[in-house]
Amino acid sequence: MSDLRQSGVIVVDAGQNEEQLGPAKPARRRRDPEARKREVIEAAERVITARGLEGLTHRAVAEEGGLPVASTTYHFATREDLLQLAFERSVDGFVAYLERLDEQQPVISVAELVNRLTDAVVDACTGDNAAHWTVQYELFLAALRRPALRPVADRTITAARISLERYLAPARAYAVSTALSGMILHGLAGTRAPDRGTVHAALTALCGATT
């Protein structure tokens with residue numbers, strides 16, 4: 001035993017208790033992989049908002065989210081994977097918004113629908129939701145060159161049309177849905193916010209509402 005001690009080897013007797021061995025190290029807390037994925041996607045959305053699709057890289061997402069680059073590449077091996085999940089999350093939010101709006105604030109008349117849609121267009125271009133719509137359109141336009149994103153784009157188109165068909169005939173719902181997309185895109189991309197009176201007049205005509 002003394003030879004072992006002199007050689008620097010520490011010998012632990014089987015009878016030693018836990019106190020003699022020192023406090024046990026705390027167990028490592030396991031990270032929630034789904035929570036980390038959400039952090040990565042939320043950071044990706046912020047990167048797209050600030051820099052556009054061309055600025056979306058794993059390194060940029062890691063910097064934006066305060067995450068290790070390895071976390072972004074572990075959950076999303078390629079940039080296209082990031083785009084896909086960011087688009088799906090954006091569409092999920094849009095669909096949930098439409099459903100929540102219909103449940104909480106049911107429309108009584110077409111004139112009331114026009115007022116709501118007018119508010120939505122103006123708010124999308126000038127309010128707190130402008131960042132969300134910027135991401136939505138960036139990803140929507142990405143589907144032009146990425147066939148894998150088109151089924152996700154279809155969900156947006158279908159959800160908007162179905163929501164409007166609760167109050168309008170299918171042909172009118174289609175016309176209004178496409179007009180809304182154009183109005184918001186023009187308002188976000190142009191130098192001037194949409195004029196509320198002009199938007200209201202156009203939607204009144206498209207919806208067939210009486211003034």
Side-chain angles (χ1 to χ4, degrees), residues 28-101 117-163 177-194 199:
R28 292 182 62 185
R29 186 174 61 183
R30 297 183 63 184
R31 293 186 180 277
D32 179 357
E34 290 304 313
R36 177 49 60 90
K37 284 177 69 174
R38 284 194 300 272
E39 290 177 0
V40 173
I41 290 299
E42 288 169 0
E45 290 177 343
R46 295 195 296 272
V47 170
I48 294 170
T49 301
R51 311 184 196 180
L53 292 181
E54 64 275 9
L56 183 67
T57 65
H58 284 90
R59 185 169 298 280
V61 171
E63 291 175 354
E64 175 64 33
L67 305 166
V69 175
S71 289
T72 67
T73 55
Y74 175 78
H75 292 290
F76 305 97
T78 69
R79 181 173 178 273
E80 297 304 309
D81 292 337
L82 278 171
L83 278 175
Q84 179 84 25
L85 268 294
F87 197 8
E88 289 179 1
R89 175 183 157 89
S90 178
V91 172
D92 287 343
F94 176 66
V95 172
Y97 162 76
L98 291 178
E99 292 175 347
R100 191 166 57 249
L101 192 63
L117 295 177
T118 301
D119 291 340
V121 170
V122 174
D123 183 61
C125 300
T126 61
D128 294 337
N129 288 325
H132 165 78
W133 283 103
T134 298
V135 173
Q136 181 86 349
Y137 277 96
E138 287 269 11
L139 295 169
F140 199 83
L141 293 173
L144 289 173
R145 297 185 182 278
R146 294 172 174 83
L149 293 179
R150 291 176 186 172
V152 188
D154 284 342
R155 286 184 57 210
T156 302
I157 297 167
T158 301
R161 179 177 50 77
I162 289 176
S163 178
S177 177
T178 53
L180 290 171
S181 295
M183 289 176 183
I184 295 172
L185 181 58
H186 289 182
L188 291 172
T191 58
R192 292 182 298 176
V199 171

Would you check if [X] and [Y] make a side-chain contact, meaning some heavy-atom pair closer than 4.5 Å?
{"X": "Phe140", "Y": "Ile157", "value": "yes"}
{"X": "Leu149", "Y": "Gln84", "value": "yes"}
{"X": "Phe94", "Y": "Trp133", "value": "yes"}
{"X": "Asp92", "Y": "Arg155", "value": "yes"}
{"X": "Thr134", "Y": "Leu188", "value": "yes"}
{"X": "Tyr137", "Y": "Ser181", "value": "yes"}
{"X": "Thr156", "Y": "Gln136", "value": "yes"}
{"X": "Glu42", "Y": "Arg89", "value": "yes"}

Any chance you could lay out the side-chain contact (heavy atoms from CB on, under 4.5 Å) test for Val69 and Val61, step after step, and finish with the verdict? CA-CA 8 Å; Val69 175; Val61 171; over 6 Å; no
Gap separating the [atom1] atom of [X] from the [atom2] atom of [Y], nearest 0.5 angstrom:
{"X": "Arg146", "Y": "Leu53", "atom1": "CZ", "atom2": "CG", "answer": "6.0 Å"}
{"X": "His75", "Y": "Leu82", "atom1": "NE2", "atom2": "CG", "answer": "11.0 Å"}
{"X": "His132", "Y": "Tyr97", "atom1": "NE2", "atom2": "OH", "answer": "9.0 Å"}
{"X": "Leu141", "Y": "Leu185", "atom1": "CG", "atom2": "CG", "answer": "6.5 Å"}

So, [X] side chain and [Y] main chain: donor-acceptor pair closer than 3.5 Å or not?
{"X": "Ser163", "Y": "Ala159", "result": "no"}
{"X": "Arg161", "Y": "Ser177", "result": "no"}
{"X": "Ser90", "Y": "Ala86", "result": "no"}
{"X": "Arg192", "Y": "Gly187", "result": "no"}
{"X": "Asp81", "Y": "Thr78", "result": "yes"}
{"X": "Arg79", "Y": "Thr57", "result": "no"}

side-chain contact (heavy atoms from CB on, under 4.5 Å) test vs Val199 passes for just one of Asp119, Thr118, Leu180, namely Thr118
Arg46/Thr49 under side-chain contact (heavy atoms from CB on, under 4.5 Å): CA gap, chis, key distance, verdict: CA-CA 5 Å; Arg46 295 195 296 272; Thr49 301; 5.5 Å; no
For His58 and Val40: C-alpha separation, side-chain torsions, deciding distance, then whether side-chain contact (heavy atoms from CB on, under 4.5 Å) applies. CA-CA 9 Å; His58 284 90; Val40 173; over 6 Å; no
